[in-house]
Amino acid sequence: MKAAKQEVFYMRVSQMLIPTLREVPAEAEVVSHKLLLRAGFIRKSAAGVYTYLPLAWRVLEKIQKIVREEMNREGGQEVLMPIMQPAELWRESGRWDVYGEELIRFKDRHDRNFCLGPTHEEIITDLVRGEVNSYKQMPLLLYQMQNKYRDERRPRFGLLRGREFIMKDLYSFDRDEKGLDISYKKMYRAYSNVFSRCGMQFRVVEADSGAIGGSDTHEFMVLADSGEAEIVYCENDDCSYAANVERAISAVGEDSSNEVPSRLQEVHTPDVGTIEELTSFLDISAEKTIKTIIYSADDEIIAALVRGDREVNEVKLYNELNCLHMELASAEMISRVTGGNMGFSGPVNLDICIIADHEVKNITNAVTGANRTDYHLINVNAGRDFEPDKVADIRMVQAGEACPYCSSPMTGARGIEVGQVFKLGDKYSRALEATFLDERGKEQYIVMGCYGIGISRVLSACVEQNNDEQGIIWPGAIAPYHVVIVPINVKDNDQLNMAERVYNTLSDNGIETVLDDRQERPGVKFKDADLIGYPLRITIGSKALESSELEVKKRSSGDIVMIPEENVCEKVKSMLSY
RNA sequence: CGGGAUGUAGCGCAGUUUGGCUAGCGCGCUUGCCUUGGGAGCAAGAAGUCGAGGGUUCGAAUCCCUCCAUCCCGACCA
C-alpha cells in the first residue's frame, strides 16, 4: 500500500499548551519539581498526583519507547495488567496484611475488597501459574508499563516520590537458578542500555534486598546531589565495586598498633554524653572509643557497638537480628537496662544481647561508657572485659574507607534510584503455587525475577541532573522537541515566511520542531526556550534574512553557530547526534 | 504517624497582632496604542465563596471551635 503523504501540521507555540510560569510555585522545593512546573510540563492534582501536560507526555513516551525497545531486544513481551486488583490474590501471597497503609484499598458495590496495584507480582504469577505448565514454555519474560499506586506517608519532591507513578515492571520466569541468572544478566544489560540511551549519568550499585529476601539485587542510580540514596563506589576503575550504603561493606583494617592492654579503669566524665565531647575531654581520637547504641528489637533490648567515629547501619543490624520491628530505645529504657543515663552506656557488665561490629574487637584500650551517669571506662578490651554475643558487620560505610575487594579508597555520592533488578527466586511461585513439570515429569516451582524502572521518575531525575539557572537542558534522545524556531518579529512577513520554510524543511526530515509564533518580544521567547530546554534554538531575525544564514544555538553549551539555510537539515542532525 | 508552617484572583504575596466603609499589590490575562535580538512602555479592563463549616459580634479575611488541603523536618519506604 502506498503511504499517503502525511499532512503537515504546524506545531505553533501560540496554539500549544505550554503554560510557563515566571515565578516558582511555593510548593516546589527540589529543582526538578520547580522546573517541571515552571516550564509547563506538569500540574499537580493532589499531593503526589500529577497531570502530565503535552511536553511531559512526549518525554515520557520517548522514555517508554527506549525501554520498550530494550525489553523487546532481550525477548520481553509486553502485556497490560489491571490496576484494580482483587484482595483474594493479595491474601494468597500474604501481602494483604503485610503491605500496610501504603496499599490503597477500596470496596466495590458488592462489598468485595480490592486494591490499586503498587506492583504486579500477584497478578502476573496468577496468570503464569494458569498458563505455564511445562519447562518448554520458559524462559518467559513479561513486562508492562502503567500507573502504579503507593500511598506514601509523605509524597515529596514532585514526581520523584509520588503516590501515582508510571512504572515498567518486567517479570522473568525460569525453570531454575541458572535460567534466572541468564534473565537477570539480560535485564542488567538492558537497563544499562536504557539509561545510557536516555543520556543520563548513572551507576549500578549493590543493594539491600530488604524484606523481600532473595539473593542478588542491583539498583540503578542516577547521580544527583538531591538524591535520597547514598552510595559509595571504588575509585579504582578496574574494580567497579559500588553499593548502596545500606548494603556497602568495606575492608576491616587489622590492629597495627602494638599497644599492650592496660588496666581497666573508671574515670569521672561529668556531662560528657557524646563521642565528640568525650574525645575532647579525654584528648583521644574517636577511633579509640566504642559507641554503644541501645535498640529495642521486637520484645528484646539489645546493644549495638561500633567504633566511635562510625554510625550504626540499621539495615544491616535489622538483617542481623532478623526481627520484625526495631527502633532506638527510649531514654528511660536505657537508664533502666544499663543503670546509667543515655550517653554513658557501654558493653562492660551489660547484661543484654550485645552485637559488635568487626572493628570494635580490634580496638586496644578503648573508651566506653561505664553504665553509670557521668562515668566512662578506659582501657576496655574486647575478649577480656566483655564478650559480644555476636560479631558482625553492622557499621555504615563512609566515604574514604577501603574497598573490600581491592582496598582502594571509596568515594561517596548521592543518587536517585531509577531502576532495580531483583532475583525473587520462588517466593511468589511458592505462595501462589506456580509450578511446572520438568523433563522428568517432576513438579517444580517456577523461579522468578522482577525488574522495575520508574518511568516518571526517570523524567524528573533527568531534569534533576540536566539543568542550569535558566532551566532544563534535555538530552536529545528524550527532549520533547529537538528544535524551536524563534522569529524575532512575527509581524514581519519575511521573517515569518522564512521561519515556516525552515520549519517545513526540518519537519519533513523527521526533526521534531516547534515554531514560536507568539506575538511576544524576543526576550520572552528566549527565556521560555531556555526554560523548556529544547536542545537547539534557531533564531530568525533581520540578519538571517539578509545573509540567508541561520543562527543555531545549542542549549547545553550555549554555543552559537551560523549555518547557510540550505544546509540546515544535515547541520541540525549532526548537532543533535546522540 | 510525631513536630513545624501555610491556605486571600491563574502564579507570587501584603492585609490578620489591635474586628470597621467598596479586600489590596506585583506578575500573568483581555482590548488599544507603541515597541521588537534576552522576561519593554502607556492607557483602559476582566477576574476573589479571603480553604470549608459552625460560633462570638451591630459588624469577621481578622477573634473562638471543628474539619479539610498543602508544604517542610523526622519516622517510614517490596
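Within every chain, numbering begins at 1; the chains are lettered A, B, ... in the order of the sequence lines, protein sequences first and strands thereafter.
- Rounded to a whole Å, the CZ atom of A:Arg163 is 13 Å from the C1' atom of B:C71.
- In terms of position along RNA chain B, the nucleotide closest to A:Pro25 lies nearer the 5' end than the nucleotide closest to the other residue of the pair A:Met167 and A:Pro25.
- Summarising the geometry, the separation between CG on A:Leu160 and P on B:C71 is reported as 14 Å, rounded to the nearest angstrom.
- The distance from atom OH of A:Tyr451 to atom P of B:A78 is 19 Å, rounded to the nearest whole Å.
- Between B:C64 and B:C25, the two C1' atoms lie 30 Å apart (nearest whole Å).
- Spacing of C1' atoms, B:G15 relative to B:A61, comes out at 8 Å, to the nearest Å.
- Counting only N and O atoms by type, the side chains of A:Arg105 and A:Tyr99 include no donor and acceptor under 3.5 Å apart.
- A:His218 and A:Tyr184 have tilted rings, their planes meeting at an angle from 30° to 60° on a 0 to 90° scale.
- Contacts of A:Thr539 with the nucleic acid, taken as non-hydrogen atoms under 4.0 Å apart, include base atoms.
- As rounded to the nearest Å, B:G53 and B:C58 have C1' atoms that lie 23 Å from one another.
- If you take CG of A:Leu17 and P of B:G28, they are 19 Å apart, rounded to a whole angstrom.
- Across all strands shown, B:C25 pairs with B:G12; the Watson-Crick or G-U wobble distances both stay below 3.5 Å.
- Taking atom P on both B:A5 and B:A43, the two are 43 Å apart, rounded to the nearest angstrom.
- By the ring pair (Phe, Tyr, Trp, His ring centres under 6.0 Å) test, A:Phe195 pairs with A:Phe202, A:Phe220, sequence neighbours left out.
- Checked against ring pair (Phe, Tyr, Trp, His ring centres under 6.0 Å), A:His33 has the following partners two or more places apart in sequence or in another chain: A:Tyr50.
- The nucleotide B:G41 finds its pairing partner in B:C33, both defining distances of the Watson-Crick or G-U wobble pair being shorter than 3.5 Å.
- Spacing of P atoms, B:C71 relative to B:G24, comes out at 31 Å, to the nearest Å.
- Partners of A:Phe173 according to the ring pair (Phe, Tyr, Trp, His ring centres under 6.0 Å) rule, which considers only residues two or more places apart in sequence or in another chain, do not exist here.
- Contacts of residues 26-33 of chain A with RNA chain B (heavy atom under 4.0 Å): A:Ala26, A:Glu27, A:Glu29.
- Under the rule for a side chain to side chain donor-acceptor pair (under 3.5 Å), A:Arg150 has no partner lying at least two apart in sequence or in another chain.
- For A:Glu276, the side chain to side chain contact (heavy atoms under 4.5 Å, CB included) partners at least two apart in sequence or on another chain are A:Thr274.
- The nearest whole Å value for the distance from the CG atom in A:Leu53 to the P atom in B:G10 is 17 Å.
- B:G19 makes up no base pair with any nucleotide shown, lacking Watson-Crick or G-U wobble contacts both under 3.5 Å.
- Residues from residues 483-498 of chain A lying near RNA chain B, meaning a heavy-atom separation below 4.0 Å, are A:Ile488, A:Asn489, A:Lys491 in numerical order.
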Could you go through nucleotides 75-77 of chain B and list every protein N or O atom that sits under 3.5 Å from one of its N or O atoms, giving the distance for each pair?
from	atom 1	to	atom 2	distance (Å)
B:A75	N6	A:Arg156	NH2	3.4
B:C76	N4	A:Arg156	NH2	3.3
B:C77	O2	A:Arg161	NH1	2.7
B:C77	O2	A:Arg161	NH2	2.7

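- B:C68 and B:A14 have their C1' atoms separated by 25 Å, with the value rounded to a whole Å.
- Using a 3.5 Å distance cut-off with no hydrogens or angles, the side chains of A:His120 and A:Tyr171 do not pair a donor with an acceptor.
- For A:Lys427 and B:A78, the NZ to C1' distance is 7 Å, given to the nearest whole Å.
- In terms of polar N and O atoms assigned as donor or acceptor, the side chain of A:Glu23 never comes within less than 3.5 Å of the base of B:G28 in a complementary pairing.
- Taking atom NZ of A:Lys34 as the reference point, atom P of B:C72 lies 11 Å away to the nearest angstrom.
- Using Watson-Crick or G-U wobble geometry with both donor-acceptor distances under 3.5 Å, B:A61 finds no partner in any strand shown.
- Remark: A:Asp151 pairs with A:Arg163 by the side chain to side chain donor-acceptor pair (under 3.5 Å) rule, at least two apart or across chains.
- A salt bridge links A:Arg129 with A:Glu92: at least one charged nitrogen is closer than 4.0 Å to a carboxylate oxygen.
- If you take atom C1' in B:G28 and the same atom in B:G10, they sit 7 Å apart, rounded to whole Å.
- The number of heavy-atom neighbours closer than 6.0 Å to CD of A:Glu27, taken from other residues, nucleotides and ligands shown, is above 12.
- The same atom, P, is picked in B:U70 and in B:G12; the two are 15 Å apart, to the nearest Å.
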When you look at A:Lys168 and A:Glu78, which way does the salt bridge (Lys or Arg N to Asp or Glu O under 4.0 Å) test go after all the steps?
CA-CA 10 Å; A:Lys168 187 282 308 180; A:Glu78 188 168 4; over 6 Å; no
Pairwise N/O distances under 3.5 Å, protein to nucleotides 38-41 of chain B:
from	atom 1	to	atom 2	distance (Å)
B:G38	O6	A:Arg537	NH1	2.8
B:G38	O6	A:Arg537	NH2	3.3
B:G38	O6	A:Lys553	NZ	2.7
B:G38	N1	A:Asp530	OD2	2.9
B:G38	N2	A:Asp530	OD2	2.5
B:G39	O2'	A:Arg22	NH1	2.9
B:G39	O6	A:Arg38	NH2	2.8
B:G39	N1	A:Asp528	OD1	3.4
B:G39	N2	A:Asp528	OD1	3.2

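- Under the Watson-Crick and G-U wobble criteria, each requiring two contacts below 3.5 Å, nucleotide B:U49 is left unpaired.
- Of all nucleotides listed (B:C11, B:C71, B:A78), B:A78 comes nearest to the side chain of A:Phe422.
- Between A:Ile166 and A:Ser456, the shortest heavy-atom contact is N-OG, 3.0 Å.
- Between A:Ile18 atom CD1 and B:C29 atom C1' the separation is 18 Å, expressed in whole Å.
- If you find the closest nucleotide of RNA chain B to A:Ile560 and to A:Val24, the one lying nearer the 5' end belongs to A:Val24.
- Considering every non-hydrogen atom in both A:Asp517 and A:Val13, the closest pair reads OD1-N, 3.4 Å.
- Listed by first and then second residue, the ring-ring contact (aromatic ring centres under 6.0 Å, His included) pairs that reach into residues 525-562 of chain A come to none, sequence neighbours excluded.
- Looking at residues two or more places apart in sequence or on another chain, you find a side chain to side chain contact (heavy atoms under 4.5 Å, CB included) between A:Asp176 and A:Lys178.
- The partner of B:A5 is B:U70, by the rule that a Watson-Crick or G-U pair needs both atom distances under 3.5 Å.
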